[in-house]
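Shown next, in structure tokens, is the structure this report addresses.
Any value given below was found using the heavy atoms of this structure, including those in side chains, with hydrogens, waters and symmetry copies removed.
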Amino acid sequence: MEGGSPGRVSLGSGRKQSSASSSRSRLPGSSSHACKDFLSKFVDSEILTLTLEDWLSGRSGESGVQQPVLDVPFDLAELKKFDYALEGVAFQQLVRMPNALYASTGAVQAIAHLAIEDFLHAAVKGLWERFWGHESALPFTVQCIHSTSARFYPAEEALARDKLDGVCATAILFKGSRGSGGYSSSRGKWDQILELALLRPDIGSLSARQNDGQRPSHSVLGEALFFALRVMLSRSLSKSRTAAHNSNCMFVLLVDSQYGGVVKVEGDVRTLEFDSSNVYDCAADWIKMNAKITVSPVDRVWNKLGNANWGDVGTLQILLAIYHSIILFCGPPKYALEDLATEHSSRIQSRRSERALTDCSEVGDSTSMVNGNRLFRSQNRGCSPEIVEVQEETVDVRPPEETLKLDIGSVVAMEDADFRKEYEINDILSDSDPPIYHSNPVDEPSRGYLLYVGSSPSHLEPAWEDMNSWYQVQRQTKVLTLMKQRGLSSKHIPQIVASGRLMHPGECNKPSNGVSCGHPWCGTPILVTSPVGETVSNLIRNGLFGAEDALKCCHDCLTAISAASSVGIRHGDIRPENVIRVTSGSRNPYFVLIGWGHAILEDRDRPSMNLFYSSTFALQEGKLCAASDAESLIYLLYFACGGVSIELDSVEGALQWRESSWSKRIIQQRLGDVSAVLKAFADYVDSLCGTPYPINYDIWLRRLRRVINEDHGKEIDTSG
């Protein structure tokens, strides 16, 4: 920190840094040059803080300027659910945080910077492995930013160069991956910043003096807003499409040696007035008028030994902010937070089994409730209050029912009325719940199929998870069979290869009039379909979904929707997990619309509800209109092509986002960056949403084929 003042940051080489950004960005050419000039002069956090002081203090007398009402970015319910999802994750900070941050010796300050780097590395690594899996390498690094040069160094390198006094922030940087629009340089750039941490003395004690619910001081908050705006502007100029299309949201972490908090800034930086002669007033006006700022309470992060309290509110706020920042750059996680959080209940049941507990109602005791949760008591065998000797006996604690789990290399035997066939599992689509398996017939290893496994009929009262399996297997089998009966044939719709029941290990004593012999696997339904491919969600996650894929995906899915509608069937659950790209057995890759379990066959059927991909009419009325599937396809293409990731936690919020995005033409503009025909198709679908008018599929399929053939010189197979 320059001049020994932790509250002031003056960044050097601002022009050099911004010129390293993109020549192709979301900003038009003239705005891009103005933004670069603006960034080169926007270098002093203290000037911005002074400009915002009256506004932050509630003393602003400007007309039309609302005083800041700083809400929190995360409520307690979100943090609790996030805590459940993190159960069992072993975060490990190896470099302990010193208890006195700015002691008389420089060694304490050096250790503090090393500790915050190690803390951020442990946090981002633990979150990546928990939610995105161990399969791919960690695409992030942690480095410090130097105030005089605006360059990035690991803390150890800054220490070796005797430049630690000039370190103004610590950043999590996105390295990217091949084909994802990542970065080739090992030296960090501002548009790579995923999240920033400002290490400042006495965050906790300064916040207490504000008497505002333990919020950070105005000086620290002003500095956080300065850094957030710099990063958002740098992203808007980036060559990376990922960074450029996530320039409207930024998290900044505020920490000292014990406490920490989160500042979240949201807003469209394109609305900022780039007046290079008055940069701080322009920045302040944008923050007051166009930015949404949320600030978490300052809470304890490290204990007196310097260990992070990973399960406490202060640390969970920081982890949840990092989690949302990762989603901005890497897309939705492979393992959904909601799904991981629901495993908490099963872990409680396992713990009860370990402790030989039973539900009070099962032993005749009255059942009490605390916070909506049933209390459980130990099994009672007598009423005597005396301490008595209990004879040794086996406690009858039934283990949880064995569930079917297929691993790579497993062989599944399926029987039908006429035949028996074995399939070997060679891959698992882990982004699907329940999972979909890639399989090969044991007697025909060159052939590949998708294999779905349902839930056992022995479950007398199926859980919601079992209902998902029912839709995926039994209902999808019915829909695909009905398509075949109605003469529907399209290479963009899966075909049934086989369906039957699982043959479990051991002898089956199923009675002639029963569906199960009692074995937990007996009677489990199986569906095998063709072809096999990789889901669009995986392609997006790995950065393998480009403009050409968007056009072909739109054409092929629209072909499938058109073919199904011709026989009175609508899909009702179009999302990235239900579209696969097929590359084997064809000269040109093509897309197939799978997951027909929620298809609408008659008026009483109800579609699957998805806050991100369901049509507006489906969310409002609980049923589909003629354009609903096409509208869902538009949302799929929008997010697949880099559309801004959003947080949706209610139907009302999802409907508000749709209304705002369509009215502001955000969706059309994003698709227009990919292809003019996609933009025009989005406009066409928007005009039909909620109406009974059918879509003219033929004209749009012809337009898509023409663009694909002209742009890429590849003939589209129209036989499907």
Side-chain angles (χ1 to χ4, degrees), residues 1-11 14 34-35 37-73 147 168-169 196 198-233 248-256 259-298:
M1 278 144 280
E2 200 172 33
S5 173
R8 179 173 193 142
V9 175
S10 182
L11 297 173
C35 183
D37 192 32
F38 185 95
L39 263 179
S40 69
K41 298 178 180 180
F42 186 61
V43 294
D44 196 316
S45 65
E46 189 170 274
I47 298 178
L48 178 65
T49 302
L50 291 173
T51 308
L52 291 170
E53 177 62 33
D54 287 345
W55 179 70
L56 291 172
S57 303
R59 298 193 299 265
S60 176
E62 301 174 55
S63 61
V65 177
Q66 293 183 342
Q67 304 309 312
V69 179
L70 303 180
D71 202 355
V72 295
S147 60
C168 60
L196 270 176
L198 306 183
L199 183 62
R200 300 293 182 263
D202 303 325
I203 292 261
S205 59
L206 285 173
S207 66
R209 288 201 294 269
Q210 294 299 311
N211 193 27
D212 186 24
Q214 297 292 309
R215 298 293 173 87
S217 67
H218 294 159
S219 61
V220 176
L221 181 55
E223 196 175 350
L225 296 175
F226 167 80
F227 275 103
L229 184 53
R230 273 200 65 91
V231 173
M232 293 164 74
L233 289 171
N248 65 339
C249 180
M250 177 64 188
F251 289 92
V252 179
L253 311 179
L254 307 175
V255 295
D256 62 16
Y259 295 88
V262 176
V263 177
K264 181 182 180 183
V265 181
E266 298 175 277
D268 188 350
V269 293
R270 294 175 299 179
T271 61
L272 195 154
E273 182 180 353
F274 298 118
D275 183 356
S276 59
S277 64
N278 198 15
V279 293
Y280 296 100
D281 285 338
C282 290
D285 288 343
W286 182 84
I287 290 171
K288 295 174 188 177
M289 305 295 292
N290 298 99
K292 178 184 177 183
I293 302 166
T294 50
V295 183
S296 76
V298 173

### Task
Check step by step if side-chain contact (heavy atoms from CB on, under 4.5 Å) holds for Leu225 and Thr49.
CA-CA 8 Å; Leu225 296 175; Thr49 302; over 6 Å; no
### Query
Does the side chain of Val263 reach to within under 4.5 Å of the side chain of Thr294, using non-hydrogen atoms?
no
### Message
To check you understand the geometry: which heavy-atom pair defines the closest contact between Leu48 and Gly222, and what is its length?
### Response
CD2-O, 4.2 Å
### Query
Do the side chains of Val265 and Phe251 get nearer than 4.5 Å, heavy atoms only?
no
### Straight-line distance of Lys288 NZ to Asp281 CG, nearest 0.5 Å
8.0 Å
## Note on the structure
Tightest non-hydrogen contact, residues Leu198 and Cys168, listed as CD2-O, 3.9 Å
### Message
Nearest 0.5 angstrom please: Leu233 CG to Leu272 CG, how far?
### Response
6.0 Å
### Query
Relative to each other, are the rings of Phe226 and Phe42 parallel, tilted or perpendicular (30° and 60° limits)?
tilted
### Task
Measure the CG-CG distance between Leu229 and Leu39 for me, rounded to the nearest 0.5 Å.
8.0 Å
### Closest non-hydrogen atom pair between Met232 and Gly267, with its separation
CE-O, 3.5 Å
### Query
Do any N or O atoms from the side chain of Asp37 and from the backbone of Ser276 form a donor-acceptor pair under 3.5 angstrom?
no
### Message
Contact between Arg230 and Val43 at the side-chain level, heavy atoms closer than 4.5 Å - yes or no?
### Response
yes
### Message
Any heavy-atom pair between the side chains of Ile287 and Ile293 that's under 4.5 Å?
### Response
yes
### Query
Rounded to the nearest 0.5 Å, how far does CD of Glu53 lie from CD of Glu46?
11.0 Å
### Task
Check whether the side chains of Asp275 and Asn278 place a donor and an acceptor atom closer than 3.5 Å, and report yes or no.
no
### Query
Does the pair Leu254 and Val262 meet the rule for a side-chain contact (heavy atoms from CB on, under 4.5 Å), with working shown?
CA-CA 6 Å; Leu254 307 175; Val262 176; over 6 Å; no
### Query
Quick one: CG on Leu52 to CD on Glu223, what's the gap to the nearest 0.5 Å?
13.0 Å
## Note on the structure
What one should report as the nearest heavy-atom pair of Val269 and Phe274 is O-CZ, 3.8 Å
### Query
So, the side chain of Tyr280 versus the backbone of Asp44: is there a donor-acceptor pair under 3.5 Å, distance only?
yes
### Query
Can you tell me how far the OG atom of Ser219 sits from the CZ atom of Arg200, to the nearest 0.5 Å?
10.0 Å
### Task
Would you check, one step at a time, whether the test side-chain contact (heavy atoms from CB on, under 4.5 Å) holds for Val295 with Val72?
CA-CA 5 Å; Val295 183; Val72 295; over 6 Å; no
### Query
Can you find a pair of side-chain heavy atoms, one from Asp268 and one from Asn248, that are under 4.5 Å apart?
no
### Task
Identify the heavy atoms of Pro73 and Ser296 that sit nearest to each other, and give their distance.
CD-N, 3.5 Å
### Task
Would you name the heavy atoms of Ala228 and Val252 that are closest together and state the gap between them?
CB-CG2, 3.9 Å
